[in-house]
Protein chains: 2
Amino acid sequence: MQARQAQATPANRLPDGARAAIGNGLRTTPTTRPADGQAPQDGLDLLDQFGTRRAVRRGHEFYAAGDPARFCYRIVSGCVRTVGLDEDGRRQIAEFLLPGDLFGFDALDTHHLTAEALTDTVVVCYPRRAVEALAEQNGALARRLRDLTLRSLRRAHEKMFLLGRKSAGERVAAFLLEMARRGAAQDGQGPVALPMTRADMADHLGLTIETVSRTMARLCRTGAIAPTRCGIEIRDPAALARFGAVTRH
Amino acid sequence: MQARQAQATPANRLPDGARAAIGNGLRTTPTTRPADGQAPQDGLDLLDQFGTRRAVRRGHEFYAAGDPARFCYRIVSGCVRTVGLDEDGRRQIAEFLLPGDLFGFDALDTHHLTAEALTDTVVVCYPRRAVEALAEQNGALARRLRDLTLRSLRRAHEKMFLLGRKSAGERVAAFLLEMARRGAAQDGQGPVALPMTRADMADHLGLTIETVSRTMARLCRTGAIAPTRCGIEIRDPAALARFGAVTRH
DNA sequence: CGGCGTTTTGATGCCAATCAAAGTTTGTGG
DNA sequence: CCACAAACTTTGATTGGCATCAAAACGCCG
């Protein structure tokens with residue numbers, strides 16, 4: 001795969017907004033969302049008054065499994081992983097979170113996963129007490145929080161399907177397409193930032209690093225994707241979607 | 001699929017005209033929980049006034065993936081599975097639900113899984129509109145519903161770990177221990193009902209029927225469990241918990 | 001440049017899938 | 001109540017996909 005495509009750095013080098021402009025000054029000012037005069041339709045807007053900005057360096061954790069759940073977060077920039085670990089050191093990454101995503105809301109009294117910054121990350125941080133208190137009184141917010149959790153649950157079910165029933169090829173292809181979609185990819189084509197390591201992908205997809213690497217190499221050879229400096233570029237979304245389906249069986 | 005449908009449409013509306021013919025011989029008495037004078041600490045108690053009893057025969061479905069979410073359910077007796085299916089016919093069973101369990105609450109506008117009765121089942125059935133309306137006004141109920149979903153999410157994450165990182169032996173052992181725990185087993189010993197088929201277990205654990213069967217046979221040979229008429233008996237919970245750990249690697 | 005962590009690539013092995021068939025249980029109809 | 005068909009389960013033989021082991025190539029940062 002080291003075919004090192006010459007055109008590796010065209011003008012469109014910025015698209016991974018995920019990792020652009022991260023570590024600049026961390027203020028702790030009460031955050032207000034991108035100013036817009038619209039009415040607070042989204043119950044989550046209510047939280048903003050309690051939010052404080054916080055920067056976390058790559059590799060550091062927001063909270064660990066078992067910690068009392070004191071804060072919830074919204075990502076401003078950067079990338080986060082939620083990790084489950086077992087006594088043998090086996091790891092399962094539940095989700096990768098990108099700018100705009102919320103995390104830490106999936107807790108009862110304590111967190112059951114660990115949340116770590118994949119890259120230098122800036123978040124808005126909400127005290128859980130405030131969230132709960134507000135939700136108690138405000139139906140819209142409560143509703144919104146439940147929706148959030150329901151969506152998360154739906155994704156988890158899809159992931160269970162992926163892990164239980166899909167081949168390595170399908171898993172990798174599905175993952176790349178998901179990242180493309182979430183990375184605000186235009187029409188499914190174009191560059192996709194992959195700020196995580198192969199080990200992270202492997203632990204997310206229930207595979208080994210070697211299998212992930214081999215599978216991506218194969219995808220490159222078929223021309224469905226091409227490697228870029230810090231991610232890939234999707235050349236043929238349809239081929240990518242078909243992949244695994246052909247390999248399997 | 002078998003004929004077994006008494007097309008009678010009783011007094012109360014059935015959820016879905018298409019598949020309406022689910023319940024036969026169903027009374028529609030307003031349900032009250034086992035009478036107890038205690039205050040309604042549990043927000044869910046509020047729902048009882050809206051609940052109606054309904055019987056569904058084995059193999060029939062409560063709702064299908066894609067259906068508008070009109071009802072939620074609590075199991076009185078019987079057993080239910082929530083199923084995800086893909087175009088190739090591959091199946092993933094998200095959960096088995098037992099008496100006392102709730103299901104159908106994990107929906108936004110439509111259900112994304114199918115819910116089917118594993119055995120003849122009796123449920124209490126709550127109109128979703130009523131649930132939502134009540135939750136909008138009642139913070140305790142809203143909170144309770146979110147907790148419910150959060151617990152479900154936590155289980156889903158554990159299942160992702162199981163599917164992504166555990167061996168066949170560990171999966172089967174974990175499943176049996178879980179069923180034992182949920183079946184109100186005394187101290188983890190004793191009989192465990194397994195109302196589902198091997199195919200169901202396989203589709204829940206991301207394995208094949210043959211592998212499930214072989215693994216259980218091995219567990220029987222080691223004396224950790226023993227077969228019973230319609231399930232198993234756990235003879236040695238510790239050995240069961242160790243199983244897979246020794247086999248793996 | 002040189003050390004180190006990550007990624008790629010290759011060789012080999014093993015667990016679980018697949019293929020196949022016998023054995024058992026369940027349900028149906030005579 | 002029995003006979004038979006269909007579905008489910010078990011067991012065996014074989015294959016194959018992914019893990020594991022191993023080492024080279026690459027990229028990063030001091």
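Note that the coordinates shown come from a computational prediction; the quantities given were computed from them, not determined experimentally. Quick note on labels: first sequence line is chain A, next is B, and so on, each numbered from 1.
- One can place CG of A:L205 at 11 Å from P of D:dA19, the figure rounded to the nearest angstrom.
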Polar atom pairs (N or O), protein with nucleotides 9-12 of chain D, under 3.5 Å:
from: D:dT9; atom 1: OP1; to: B:R198; atom 2: N; distance (Å): 3.3
from: D:dT9; atom 1: OP2; to: B:R198; atom 2: N; distance (Å): 2.9
from: D:dT10; atom 1: OP1; to: B:R198; atom 2: NH2; distance (Å): 3.2
from: D:dT10; atom 1: OP2; to: B:R198; atom 2: NE; distance (Å): 2.7
from: D:dT10; atom 1: OP2; to: B:R198; atom 2: NH2; distance (Å): 3.4
from: D:dT10; atom 1: OP2; to: B:S213; atom 2: OG; distance (Å): 2.8
from: D:dT10; atom 1: O5'; to: B:S213; atom 2: OG; distance (Å): 3.2
from: D:dG12; atom 1: N7; to: B:R214; atom 2: NH1; distance (Å): 2.8
from: D:dG12; atom 1: O6; to: B:R214; atom 2: NH2; distance (Å): 3.2

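- Put simply, CG on B:D200 is 15 Å from P on D:dA7, counting in whole angstrom units.
- Among the atoms of the strands shown, none is found under 4.0 Å from any heavy atom of B:G169.
- Aromatic ring centroids of A:Y63 and A:F71 lie 6.0 Å or more apart.
- Side-chain N/O atoms of B:S213 and B:E210 include no donor and acceptor closer than 3.5 Å.
- When the C1' atom of D:dT20 is taken as reference, atom CZ of A:R90 falls 15 Å away, rounded to whole Å.
- Evaluation of the side chain to side chain donor-acceptor pair (under 3.5 Å) rule for A:T211 yields A:T208 as partners, not counting sequence neighbours.
- Rounded to whole angstrom, the span from the CZ atom of A:R165 across to the C1' atom of C:dA17 amounts to 10 Å.
- Applying the side chain to side chain donor-acceptor pair (under 3.5 Å) criterion to A:R218, with sequence neighbours excluded, gives no partner residue.
- The bend of the helix from C:dC1-D:dG30 to C:dG30-D:dC1, defined by the angle between the axes of its first five and last five pairs, stands at 40° to the nearest 10°.
- Partners of B:R81 according to the side chain to side chain donor-acceptor pair (under 3.5 Å) rule, which considers only residues two or more places apart in sequence or in another chain, are B:E116, B:D200.
- Rounded to whole Å, the distance from CG on A:L207 to C1' on C:dT7 is 16 Å.
- Close to D:dC26, at under 4.0 Å from its OP1 or OP2, lies no side-chain N or O of A:R229.
- Every residue two or more places apart in sequence or in another chain that forms a salt bridge (Lys or Arg N to Asp or Glu O under 4.0 Å) with A:R155 is listed here: A:E95.
- In this entry the distance linking NZ of B:K166 with P of D:dA19 reads 17 Å, nearest Å.
- A:R218 has its CZ atom 14 Å from the C1' atom of C:dG10, to the nearest Å.
- Not counting sequence neighbours, the partners of B:T119 by the side-chain contact (heavy atoms from CB on, under 4.5 Å) test are B:C79, B:T121, B:P195.
- Checked against side-chain contact (heavy atoms from CB on, under 4.5 Å), A:A64 has the following partners two or more places apart in sequence or in another chain: A:E61, A:D67, A:T114.
- Judged as a side-chain contact (heavy atoms from CB on, under 4.5 Å), and not counting sequence neighbours, the contacts of B:C220 are B:I225, B:P227.
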